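Okay, structure first, notes after.
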Amino acid sequence: MKNSIGILAVLAFTASAANAQLLKNFKYDGQIEVNAYSNSNADFNKNNSDKKSFVDSRLMLNAGFDLNEDVNAVVSAVKNDRQYGQASQDANTIQSNLFFEQAYLNLKGVFGIDHKVGRQYYGNAGDMVIYYGPKMWPYTGLTATSNPMSVNAIDGWTGWYKFNGLNRDWDVNAIIAKQTQNTTAANAGINDINVTGVNVKTKVEWFNLNAYYYQKVAKTDAVKSTTTQNADYLGLAGIRANWECKYVKNLNLGLEYDQNIGKDTNYPAIGYKHQGYAFKANANYSMDLAGKLGFAGEYALQSGDETNNSADKAFKGINGDYRPGIIYGGGFMTSAALNAGSGLNTYNLGANWTPSKLEKLNVAVTYYDFSANKQAGLTNKKHIGNEGDLVATWTHSEKVDVKGYYAMFSPEKKNLAGSHDAETMLGAALNVKF
């Protein structure tokens, strides 16, 4: 099905005006992103020359059109393999690196529910629990297994339903999907990763409430067996509340609690239960001061585990995307010693200002502190380090903006033997929407 929709999308771009009428209500949008940056002192030793610079790019194109009055199709093409300075690409290479990350049908109002069937994005960027979609700011670094500005999606069904009950509006969605499918003939259906869940939202007075439950089942048997197949049953139940404070104008508060449940049957002798948890609290406030001045703070705790006993106490998201800090959140802090801890305990404080005489400019500064909740070994201390980010954003228009940024990560000296100089990063990012 996805290949057919993809072919139709390509035809939509190349067909003549006469043929284009076959795709009713055809619409498209997208964006081009370019991120240029220089990273220095990643080994935390200023005496070594290890400065590196890159320019990453990403093209995302979304197309939609009606198949009939009840069904429309959506296709998203992404190309993000090339960095500046690499050789130009011929049409065959471009074709090989242009991926249809989304290709789904939207069935409207079937049994009163909107259904999305196919490969699709799901969740919100930055979420601790679940997010399948493009990695947004801060962009990630290039690794052996991931392109910069990476994108992931999930294949399956999602249902979307809105109704009024108990004198309030409710918004419910559910997902039944497959994150990974083993396609080896001998092991088809084995080593799969399946995701299911339900998410409910409503509003009570000034509170936006959100409750959810998700489960990810990762099958791990290498071959089919007549015995019970081992699998990791990771469940996650959570609740969020956001408060638009009626007593203090422009003050917003948020709370989130997530609890892991379930069991990993790969450890039958000890009964490996999931008992991790996460907590997050945030606040933001804005005021008029020669423009618009804003303040924000956030505290997040993800439990850790230092032993292989009968319970796994480390928090695990279904497919989380919580990445605070340009260096730390972007994966540019690569020290094995600093990454040895389990769980994350972090807070950040920041301020941003949009001057009245330069309404297109916003300047933001944020301080981050990172610690491990549990240490993997006696050699690793709890505190990881601190990061400071300075970001200036010029919003030329609704569809064009440019960022200039500087980040500095200072490691905890006790974790490193002599090499504990700060890592720095300087860059600029362009985003053009169409």
Side-chain angles (χ1 to χ4, degrees), residues 123 126-131 179-180 193-199 210-221 228-241 254-282 298-325 328-329 331 333-348 368-385 411-412 414-415:
D127 195 284
M128 282 201 300
V129 176
I130 185 169
Y131 173 64
Q179 177 178 307
T180 302
I193 299 178
N194 301 317
V195 175
T196 58
V198 62
N199 189 308
N210 180 201
Y212 42 88
Y213 175 78
Y214 293 98
Q215 184 185 56
K216 180 166 70 174
V217 179
K219 301 177 183 179
T220 52
D221 269 353
T228 302
Q229 183 178 356
N230 289 334
D232 183 4
Y233 297 90
L234 173 64
L236 190 154
I239 187 169
R240 296 188 182 106
L255 292 173
E256 175 180 345
Y257 181 79
D258 302 305
Q259 179 68 54
N260 287 141
I261 57 178
K263 184 176 181 179
D264 190 344
T265 61
N266 290 288
Y267 303 89
I270 60 176
Y272 211 54
K273 297 180 180 179
H274 291 296
Q275 296 180 355
Y277 64 91
F279 171 80
K280 185 169 71 171
N282 54 65
E298 183 174 81
Y299 172 78
L301 182 151
Q302 298 176 353
S303 62
D305 194 352
E306 57 187 350
T307 61
N308 291 320
N309 50 25
S310 61
D312 179 7
K313 298 181 180 179
F315 172 74
K316 290 181 172 62
I318 300 300
N319 197 60
D321 186 48
Y322 184 63
R323 300 178 293 108
Y328 188 92
M333 200 287 295
T334 57
S335 168
L338 297 182
N339 282 323
S342 175
L344 177 65
N345 192 344
T346 179
Y347 68 86
N348 65 74
Y368 298 88
D369 182 90
F370 302 101
S371 297
N373 276 325
K374 297 289 184 178
Q375 47 192 37
L378 297 178
T379 58
N380 185 57
K381 306 301 180 182
K382 184 175 181 180
H383 190 240
I384 297 173
E412 171 58 50
K414 295 180 181 179
N415 291 328

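A quick note: this is a predicted structure, and the numbers were derived from the prediction, not measured.
Remark: K316 pairs with D312 by the side-chain hydrogen bond (donor to acceptor under 3.5 Å, both in side chains) rule, at least two apart or across chains. Under the rule for a salt bridge (charged side-chain N to carboxylate O under 4.0 Å, His left out), the partners of R240 that lie at least two apart in sequence or sit in another chain are D127, E256. Y328 pairs by the ring pair (Phe, Tyr, Trp, His ring centres under 6.0 Å) definition with F370, not counting sequence neighbours. Partners of N282 under the side-chain hydrogen bond (donor to acceptor under 3.5 Å, both in side chains) rule, at least two apart in sequence or in another chain, do not exist in this structure. Applying the side-chain hydrogen bond (donor to acceptor under 3.5 Å, both in side chains) rule to Q275 yields no partners; only residues at least two apart in sequence or on another chain are considered. Applying the side-chain hydrogen bond (donor to acceptor under 3.5 Å, both in side chains) test to Y322 and every residue at least two apart in sequence or in another chain returns E298.
The backbone N or O of G238 sits nowhere less than 3.5 Å from a side-chain atom of Q259 that would complete a donor-acceptor pair. For S303 (side chain) and F315 (main-chain N/O), a donor-acceptor pair under 3.5 Å exists by modelled atom type. Using a distance-only test at 3.5 Å, with no hydrogens or angles considered, no donor-acceptor pair links the side chain of N210 to the main chain of N199. Side chain of T346 to main chain of A300: no donor-acceptor pair is present (N/O by atom type, distance under 3.5 Å, no hydrogens or angles).
Between D232 atom CG and T265 atom OG1 the span is 8.0 Å, to the nearest 0.5 Å. From H383, atom NE2 reaches atom CG of L338 across 10.0 Å, with rounding to the nearest 0.5 Å. Here NE2 of H274 is found 11.0 Å from CG of D305. Values are rounded to the nearest 0.5 Å. A distance of 8.0 Å separates OG of S310 from NZ of K313, quoted to the nearest 0.5 Å.
Nearest heavy atoms, Y368 versus P324: CE2-CB, 3.8 Å. Nearest heavy-atom pair, S342 versus G304, reported as atom, atom and distance to 0.1 Å: OG-CA, 3.4 Å.
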* Could you give me the CA-CA distance, side-chain angles and deciding distance for Q179 and I318, then say whether side chain to side chain contact (heavy atoms under 4.5 Å, CB included) is met? => CA-CA 10 Å; Q179 177 178 307; I318 300 300; 5.6 Å; no
* Does the side chain to side chain contact (heavy atoms under 4.5 Å, CB included) test come out yes or no for L236 and K216, once each step is laid out? -> CA-CA 9 Å; L236 190 154; K216 180 166 70 174; over 6 Å; no
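Inter-residue side-chain proximity for Y233 and I261 is flagged as unmet; no heavy-atom pair is nearer than 4.5 Å. In this structure, the side chains of N319 and Y214 stay at 4.5 Å or more apart for every pair of heavy atoms.
Heavy-atom contacts from other residues, nucleotides or ligands closer than 6.0 Å to CZ of F279 number more than 12.
Of the candidates N260, I193, V195, N260 is the only one forming a side chain to side chain contact (heavy atoms under 4.5 Å, CB included) with L234.
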